[in-house]
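Labels below follow one simple rule: chain letters A, B, ... track the order of the sequence lines, proteins then strands, and each chain is numbered from 1. Since the structure is predicted, the reported quantities are computational estimates derived from the model, not experimental observations.
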Protein chains: 2
Amino acid sequence: MAPRLVDIAKHLNISVSTVSRVINGKDRVSDETREKVLKAIKELNYSPNEIARSLRNRSSKTIGIIVPDISNQFFALLSKGAEAVAKNNGYLLILCNSDYDEDMEKEYLEMLTQKQVDGIVIATVCKDEKYFERILDSSIPTVFVDNLPQIKRNYNFVTIDNEKAAFDLTQHLIDKGYKEIAVITGKLQETSALERLEGWKRAMKENGLKINNDLIGIGDFKIESGYKIMKKMLENGKKPEALLAANNFIAYGAIRAIREKDLRVPEDIYVVCFDATDDTGLMSINLPSIVQPAEKIGEIALDIIIKRLNNKEFKIFDKVILEPTFINVMN
Amino acid sequence: MAPRLVDIAKHLNISVSTVSRVINGKDRVSDETREKVLKAIKELNYSPNEIARSLRNRSSKTIGIIVPDISNQFFALLSKGAEAVAKNNGYLLILCNSDYDEDMEKEYLEMLTQKQVDGIVIATVCKDEKYFERILDSSIPTVFVDNLPQIKRNYNFVTIDNEKAAFDLTQHLIDKGYKEIAVITGKLQETSALERLEGWKRAMKENGLKINNDLIGIGDFKIESGYKIMKKMLENGKKPEALLAANNFIAYGAIRAIREKDLRVPEDIYVVCFDATDDTGLMSINLPSIVQPAEKIGEIALDIIIKRLNNKEFKIFDKVILEPTFINVMN
DNA sequence: CACATGTGTAAAAACGTTTACACAAAATTA
DNA sequence: TAATTTTGTGTAAACGTTTTTACACATGTG
């Protein structure tokens, strides 16, 4: 059995409170007793029970994060950034992978709440307004990332301007001379999916290009989705000249479908997307991409939480909109 | 303030224990009271405080996982697998990113212990035997993944046969006619790094090829490492015909260095590596790779923990060695 | 020498649960 | 009908901390 405060106390024939005081170091203890206690702690190899502390202190020293897919580099980096800042402030990070499932996400939220997490970062896939209200009414500081609740109310978030980014990416395609530009995006209830579609639309319109519904694909942000939609497009004889994929996974799936039809990227279909980071030095070869500062997003989200935790007055740090980077190595 | 058990009890004029019993559902309560309580729980929107439960039950219902770099697809997938199984069994996952730093890893272990986690999955970067002993002496079920402690004692682990995998990969290069084959690996205190180097060595020897120390690079598993080592090799005029990179990141870095010298992959230097998964459909183009079943590894690691948690007799499930897949799309 | 002030420590009450124990009332058995 | 068992509930003691309160004692002050 791991030694407890009371074991140290008994061992030294002093009271628990004294031992506690030297551990927490913020109350008066004589140097002599402090030494004794510190020595005993070493000897008995005492280590505080954080659960008991949490109960007493009403703070679990943990932050929850809910992402749709941790195996997506974007969310992995985001989590990494969040985790680092959490750790630096004495918090541990509880990772939840919602798998793009609304019910799962809600379940996780409930679990995190029960676990008394001190803060939550959430890349939501839900649209349910009641659910968002519930989150924001709770006393747990919450920051939304990537995907935002579409509600009137103010809340904390960190993201990029998706509409503009998609616009820029599409403009890039148009500037290169492409006219038949397809777009594949995620579920429109997710703002990142919706706004990217809208950016594409605006670019098409502003450049006087026809918006062809056959070239609009709406699926989800998974590889399979990109694959199936592109495959169908091609099999329906709707080969576009270029494709805007609303995230990296869609692009990967689409490229697989393209190659299966013995077409080449980018020669036959020029593909651009979001968040195909160039870390690998491989992906970016022919995949111009808008890359979000994922790690930064996670860091800032956690900064906001920590700030709110330390400073009760500071309630709504309205919004942080970061600048993404346009990566286009081969041009 | 969130309602507590006692609030429900008072509201109904019954005792806390009765309320607790209906919540936990495994003790006798009359149907009538049960209904009442359930109704009150709904009305007052009660949700149990998991911290208090943890303290009382001596189980935090959390599992800790320590990985060197969550932004590496391999560890992201591993975590994803672990998380899914944890969740299915009512546990949440605490994610720790050691950043390949030994002290950081130890710090995390301490934090997890204090947090009373019920189990630990760890991809260690340490070599310190004392540290491993401490882990294994503790009462917390621990499973090692990827990288293994080099100690006599039995412990749980899930990994692949790295030596054989590296041998196979090298043999593949040799079969393709390459003779001057470089290898870049991580710190040799990590078994995955060491064993991959040894697999390369054995393949070279068994095929009667010269082992040229100039073509052995030892760094770490980060991109920069692959970049610097390959750059130096090339600048020293030691251009190999092919390269075995001990992980994906090393390969990415090396490829960047190769390209900077205006050389092409695979025409000028043929590169193979570990864990460049083909999920993207992009990386694998010219990068034959041994891909570990990362998600599976995480799942099995968690299975072991759950089993040990549920069945006190089952203490040491010796080892699980999984088969990796050889991916070589373009051949 | 009375009195305030300062210092170190102990005792005890939380924090929100679960559960062993006790016990009355109801149901069953002899 | 008496004895026994079953059923439902309440009481109180944990789980391992932190912190408030109180108090004993030393030191300094007029």
Side-chain angles (χ1 to χ4, degrees), chain A residues 1-38 40-41 44-62 90 111 113-118 139-140, chain B residues 1-38 40-41 44-62 90 110-118 139-140:
Chain A
M1 217 54 224
R4 301 155 302 164
L5 230 37
V6 58
D7 297 315
I8 307 273
K10 275 194 189 133
H11 182 250
L12 296 176
N13 235 335
I14 60 178
S15 81
V16 233
S17 49
T18 303
V19 184
S20 171
R21 273 191 293 254
V22 357
I23 286 170
N24 293 290
K26 56 187 166 191
D27 218 336
R28 292 175 311 206
V29 184
S30 73
D31 289 351
E32 189 192 10
T33 354
R34 186 190 321 282
E35 293 307 318
K36 270 198 325 198
V37 171
L38 256 23
I41 286 179
L44 301 191
N45 193 21
Y46 170 79
S47 167
N49 180 320
E50 197 61 45
I51 292 289
R53 274 190 167 165
S54 299
L55 181 59
R56 166 69 213 208
N57 293 338
R58 292 188 155 82
S59 158
S60 67
K61 285 293 183 178
T62 53
M111 289 175 84
T113 308
Q114 295 187 179
K115 212 75 143 209
Q116 313 293 115
V117 293
D118 297 320
S139 56
I140 307 177
Chain B
M1 216 56 222
R4 301 153 302 163
L5 229 36
V6 58
D7 298 316
I8 309 272
K10 276 195 189 131
H11 182 250
L12 295 176
N13 235 336
I14 60 179
S15 81
V16 237
S17 51
T18 303
V19 184
S20 171
R21 274 192 288 254
V22 356
I23 286 169
N24 293 290
K26 54 186 168 193
D27 218 337
R28 292 176 310 207
V29 184
S30 75
D31 290 349
E32 189 191 10
T33 4
R34 185 189 324 282
E35 293 307 319
K36 268 197 324 198
V37 171
L38 257 22
I41 286 178
L44 302 191
N45 193 23
Y46 170 79
S47 168
N49 180 322
E50 198 60 46
I51 292 287
R53 273 190 169 167
S54 298
L55 180 59
R56 169 68 212 210
N57 293 338
R58 293 188 155 81
S59 156
S60 66
K61 286 293 184 180
T62 52
E110 175 66 14
M111 288 175 85
L112 290 175
T113 309
Q114 295 186 181
K115 212 76 147 206
Q116 313 293 115
V117 293
D118 298 320
S139 57
I140 308 177

Electrostatic pair B/Arg4:B/Asp7 at N-O distance under 4.0 angstrom: yes
Atom CG of A/Asn24 to atom P of D/dT17: distance rounded to whole Å? 11 Å
Integer-rounded Å distance: D/dT18 C1' and A/Ile51 CD1: 16 Å
Any side-chain heavy atom of [X] within less than 4.5 Å of one from [Y]?
| X | Y | answer |
| --- | --- | --- |
| B/Tyr46 | B/Leu5 | yes |
| B/Ile41 | B/Ile23 | yes |
| A/Lys115 | B/Thr62 | yes |

Go through the steps to decide whether A/Ser17 and A/Ser20 satisfy the test side-chain hydrogen bond (donor to acceptor under 3.5 Å, both in side chains), and finish with yes or no. CA-CA 5 Å; A/Ser17 49; A/Ser20 171; over 6 Å; no
Determine whether B/Leu12 and B/Thr18 satisfy the following criterion, side-chain contact (heavy atoms from CB on, under 4.5 Å), listing intermediate values before the conclusion. CA-CA 11 Å; B/Leu12 295 176; B/Thr18 303; over 6 Å; no
Backbone N/O of A/Val22 and side chain of A/Arg34: donor-acceptor pair under 3.5 Å: no
Among pairs that include at least one residue of residues 44-54 of chain A, which meet salt bridge (charged side-chain N to carboxylate O under 4.0 Å, His left out), considering only residues two or more places apart or in two chains? A/Glu50-A/Arg53
With a 4.0 Å cut-off on heavy atoms, is B/Ser20 in touch with a base, just the backbone sugar-phosphate, or nothing at all? base
Mind running a 4.0 Å heavy-atom check of residues 2-13 of chain B against DNA chain C and sending the residues that fall below it, in number order? B/Arg4, B/Leu5
Sorted by number, residues from residues 52-61 of chain A placing a heavy atom under 4.0 Å from DNA chain C are A/Leu55, A/Arg56, A/Arg58
Every protein N/O within reach of nucleotides 6-8 of chain D N/O, cut-off under 3.5 Å:
unit_1, atom_1, unit_2, atom_2, d
D/dG8, N7, B/Arg28, NH2, 3.2

For A/Glu35, check side-chain hydrogen bond (donor to acceptor under 3.5 Å, both in side chains) against everything at least two apart and list the hits. none
Decide yes or no on side-chain contact (heavy atoms from CB on, under 4.5 Å) for B/Ile14 and B/Lys36, but give the supporting numbers first. CA-CA 10 Å; B/Ile14 60 179; B/Lys36 268 197 324 198; 4.2 Å; yes
[X] and [Y]: which non-hydrogen atoms are nearest, and at how many Å?
| X | Y | answer |
| --- | --- | --- |
| A/Val117 | A/Ile140 | O-CG2, 3.8 Å |
| A/Ser59 | A/Asp118 | OG-OD2, 3.1 Å |
| B/Gln114 | A/Ser47 | CG-OG, 3.1 Å |

Nucleotides bounding contact with chain A, strand DNA chain C, heavy-atom threshold 4.0 Å: C/dT7 to C/dG16
